There are 2 protein chains.
Amino acid sequence: MTHTEEITLAKEIELSTEEKILHSARKVFTKKGLSGARMQDIADEAGINKALLHYYFRSKEKLFEKIFEEASTKMFAKLTEFIDSKELSLFEKIEKMVENQIAMSMENPFLPAFVINEFHQNAEGSICQTIGRKMSVSHKLIEHIQEAVNQGLIRPINPIQLFINIMSLSMFPFVSKPILQINMNVTEEQFALLMEQRKKDVADFVIRAIKL
Amino acid sequence: MTHTEEITLAKEIELSTEEKILHSARKVFTKKGLSGARMQDIADEAGINKALLHYYFRSKEKLFEKIFEEASTKMFAKLTEFIDSKELSLFEKIEKMVENQIAMSMENPFLPAFVINEFHQNAEGSICQTIGRKMSVSHKLIEHIQEAVNQGLIRPINPIQLFINIMSLSMFPFVSKPILQINMNVTEEQFALLMEQRKKDVADFVIRAIKL
DNA sequence: GAATAATTTAACTAAATAGTTAAACTTTTT
DNA sequence: AAAAAGTTTAACTATTTAGTTAAATTATTC
């Protein structure tokens with residue numbers, strides 16, 4: 001193996017320092033939160049030292065801001081893709097919302113709790129205000145629900161309550177996972193299975209609750 | 001006003017130092033979490049200095065443990081009262097569970113997010129393990145649901161999923177309140193009104209979803 | 001291949017925060 | 001009222017953690 005081959009291979013396998021930092025920052029911040037995370041932990045996780053962290057990202061706040069914004073966006077990314085669609089029926093939208101949010105949570109188990117908690121502890125803070133404005137979920141879904149009620153397709157329900165219900169059923173299990181697991185003696189595998197079932201179960205549950 | 005009258009009056013109005021500390025510790029810990037809370041903030045909030053805090057409660061950990069255990073218990077206290085009852089029907093239990101958990105969350109707005117988040121960040125830790133064991137929700141409810149399915153009173157559903165649904169619908173809105181508010185432009189009063197409505201709405205929603 | 005720029009480190013400083021001490025003050029007991 | 005116990009404080013120390021510096025190393029450009 002020549003020298004250049006070694007380098008090419010290394011580049012394919014190993015991430016750049018910046019990417020390594022972002023990976024470990026994601027991991028540490030989402031697990032421990034802003035106040036619980038330690039720059040030293042992030043550096044250790046990335047296999048570098050603290051000075052290099054500050055070389056790439058001036059401060060903890062700056063690094064956090066990047067991770068938090070990325071996380072907030074990711075949390076609702078799949079939703080915004082189709083929520084305004086004119087082609088999908090309300091029931092189809094509900095099915096997709098549930099499936100997408102559960103899939104997102106399964107792929108990123110700490111993400112929902114992280115975003116929710118930082119908003120909680122810092123709701124007035126500038127970061128949350130900025131990010132909050134960007135991700136206001138469309139009023140078109142609310143209108144879609146209201147239309148369905150008006151047309152007698154579903155029973156009367158406050159559209160906002162229905163939206164809250166869909167989000168609650170999809171995401172709460174992941175947010176409260178540790179309590180549920182202790183509470184009900186559920187292993188990791190059992191939990192994953194339950195959540196996989198929920199992709200269909202929750203949509204059915206919601207549709208049964210609202211159809212005439 | 002005599003000297004003794006002054007003292008009697010003061011005792012009625014003012015809390016003991018220990019109670020003042022617990023009050024402010026509750027406030028600061030539930031808002032900021034273990035890692036975000038500062039002993040100085042707790043002292044300031046109680047109108048005392050840090051040394052006195054350490055006089056009453058040896059360390060931050062000790063004080064936190066007390067507050068956290070109290071909070072975890074409070075979070076499910078009302079539930080455990082009636083959940084095993086033989087007199088109540090399943091639907092009555094569902095109505096009470098929803099109403100109690102929403103009422104509890106309205107009275108203690110930061111409590112659910114606090115408990116959930118600390119479990120998340122510390123699920124392996126000794127505190128969570130100890131507290132977790134104490135609050136395992138009864139299997140009798142699960143059995144009650146299973147019986148209702150077997151007797152054909154409700155449509156087939158995994159009892160664990162139904163339990164998760166009830167908890168999700170009752171508590172998620174409070175956990176995700178800051179995001180919901182920014183997302184849907186909802187004031188404090190509007191939010192309180194929505195949650196008041198949910199006490200009935202959620203029970204209806206669940207019952208409609210499961211009844212034949 | 002020398003010069004320049006980018007990357008990385010060890011060792012440091014600065015700031016924040018938990019926890020301690022010794023003395024003063026207050027209340028209760030004898 | 002003297003002694004003892006309980007309460008409170010100001011000023012302190014110890015520890016943790018974010019952030020800096022200057023020098024060494026590596027990669028890139030001319």
Side-chain angles (χ1 to χ4, degrees), chain A residues 2-25 27-29 31-68 118 121-122 125 127, chain B residues 2-25 27-29 31-68 118 121-122 125 127:
Chain A
T2 69
H3 184 61
T4 44
E5 274 175 345
E6 259 178 25
I7 287 173
T8 313
L9 198 62
K11 273 191 180 165
E12 277 173 12
I13 291 171
E14 240 180 70
L15 300 165
S16 75
T17 303
E18 189 170 342
E19 282 169 326
K20 278 195 288 183
I21 292 173
L22 287 171
H23 261 92
S24 40
K27 189 169 170 181
V28 174
F29 275 132
K31 225 184 219 158
K32 307 281 191 72
L34 170 58
S35 62
R38 299 287 160 253
M39 291 298 268
Q40 189 63 60
D41 295 343
I42 296 172
D44 291 350
E45 184 76 37
I48 57 164
N49 70 15
K50 253 189 338 161
L52 196 50
L53 220 55
H54 284 93
Y55 174 76
Y56 279 93
F57 301 90
R58 193 161 301 132
S59 68
K60 188 183 178 183
E61 297 289 326
K62 285 254 190 302
L63 180 54
F64 172 77
E65 210 168 320
K66 183 146 193 165
I67 299 296
F68 183 52
E118 295 302 330
Q121 285 176 20
N122 193 22
I127 302 173
Chain B
T2 68
H3 184 62
T4 46
E5 273 176 349
E6 258 177 27
I7 287 174
T8 314
L9 199 60
K11 272 189 180 167
E12 277 173 11
I13 291 170
E14 240 180 70
L15 299 165
S16 76
T17 302
E18 189 170 343
E19 282 169 327
K20 276 194 289 183
I21 292 174
L22 287 171
H23 261 93
S24 40
K27 188 168 170 182
V28 175
F29 275 131
K31 224 184 221 158
K32 307 282 191 72
L34 170 58
S35 61
R38 298 288 159 251
M39 291 297 266
Q40 189 62 62
D41 295 344
I42 295 172
D44 292 350
E45 184 75 36
I48 56 165
N49 70 13
K50 256 190 332 163
L52 196 50
L53 220 56
H54 285 92
Y55 173 76
Y56 280 94
F57 301 91
R58 192 161 300 130
S59 67
K60 188 183 178 181
E61 298 288 327
K62 287 255 191 302
L63 181 53
F64 173 77
E65 210 167 317
K66 183 146 193 165
I67 298 296
F68 184 51
E118 294 302 331
Q121 286 177 18
N122 194 22
I127 301 173

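None of these values were measured; they are calculated from a predicted model. Note on naming: letters A, B, ... go to the chains in the order of the sequence lines (proteins, then strands), and numbering restarts at 1 for each one.
B:Ala43 comes within contact range of no nucleotide atom at all, as no heavy-atom separation falls under 4.0 Å. Across all strands, A:Tyr56 comes closer than 4.0 Å only to sugar-phosphate atoms, never to a base (heavy-atom distances).
Distance, A:Phe64 CZ to D:dA18 C1': 16 Å, rounded to whole Å. Atom CG in A:Asn49 sits roughly 15 Å away from atom C1' in D:dT17 (whole-Å rounding). Taking atom CD1 on B:Ile48 and atom P on C:dA18, their separation rounds to 14 Å, with Å as the unit. One interatomic measurement links the two molecules: CZ of B:Phe57 to P of C:dA18, which rounds to 16 Å at whole-angstrom precision. Protein atom CD of A:Gln40 is 15 Å distant from nucleotide atom C1' of D:dT15, rounded to whole Å. Atom CD1 in A:Ile42 sits roughly 12 Å away from atom C1' in D:dT17 (whole-Å rounding). For the pair B:Ile21 CD1 and D:dT7 P, the computed distance is 11 Å after rounding to whole Å. As rounded to whole Å, 13 Å separates atom P of C:dT7 from atom CD of A:Glu19.
Direction of the helix axis in the helix from C:dG1-D:dC30 to C:dT30-D:dA1 shifts by 10° between the two five-pair termini, rounded to 10°.
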Atom pairs and distances, side-chain donor-acceptor, residues 55-62 of chain A, under 3.5 Å, sequence neighbours left out:
unit_1, atom_1, unit_2, atom_2, d
A:Ser59, OG, A:Lys62, N, 3.2
A:Lys60, NZ, A:Leu34, O, 3.0
A:Lys60, NZ, A:Ala37, O, 2.9

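Contact between the side-chain N/O atoms of A:Arg38 and the OP1/OP2 oxygens of D:dA18 is found at a separation under 4.0 Å. Between A:Tyr55 and D:dG19 there is no side-chain N or O to OP1 or OP2 distance below 4.0 Å.
With rounding to the nearest 0.5 angstrom, the CG atom of B:Leu53 is 5.0 Å from the CD1 atom of B:Ile21. Rounding to the nearest 0.5 angstrom, the gap separating the OG atom in B:Ser16 from the CG atom in B:Leu22 is 8.0 Å. Atom-to-atom distance recorded for A:Phe68:CZ and A:Phe29:CZ is 11.5 Å, nearest 0.5 angstrom. For the atom pair CD of B:Glu18 and CG of B:Leu52, the computed distance is 10.5 Å after rounding to the nearest 0.5 Å. In this structure, CD on A:Glu118 lies 12.0 Å from CD1 on A:Ile67, to the nearest 0.5 angstrom.
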Do nucleotides 19-26 of chain C as a string where each nucleotide becomes B, S or -: B if the base has a protein heavy atom under 4.0 Å, S if just the sugar-phosphate does, - if no protein is that close. BBB-----
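For residues 31-50 of chain A, the set of pairs meeting the side-chain hydrogen bond (donor to acceptor under 3.5 Å, both in side chains) definition, not counting sequence neighbours, comprises A:Lys27-A:Glu45, A:Ser35-B:Ser35, A:Gln40-A:Asp44.
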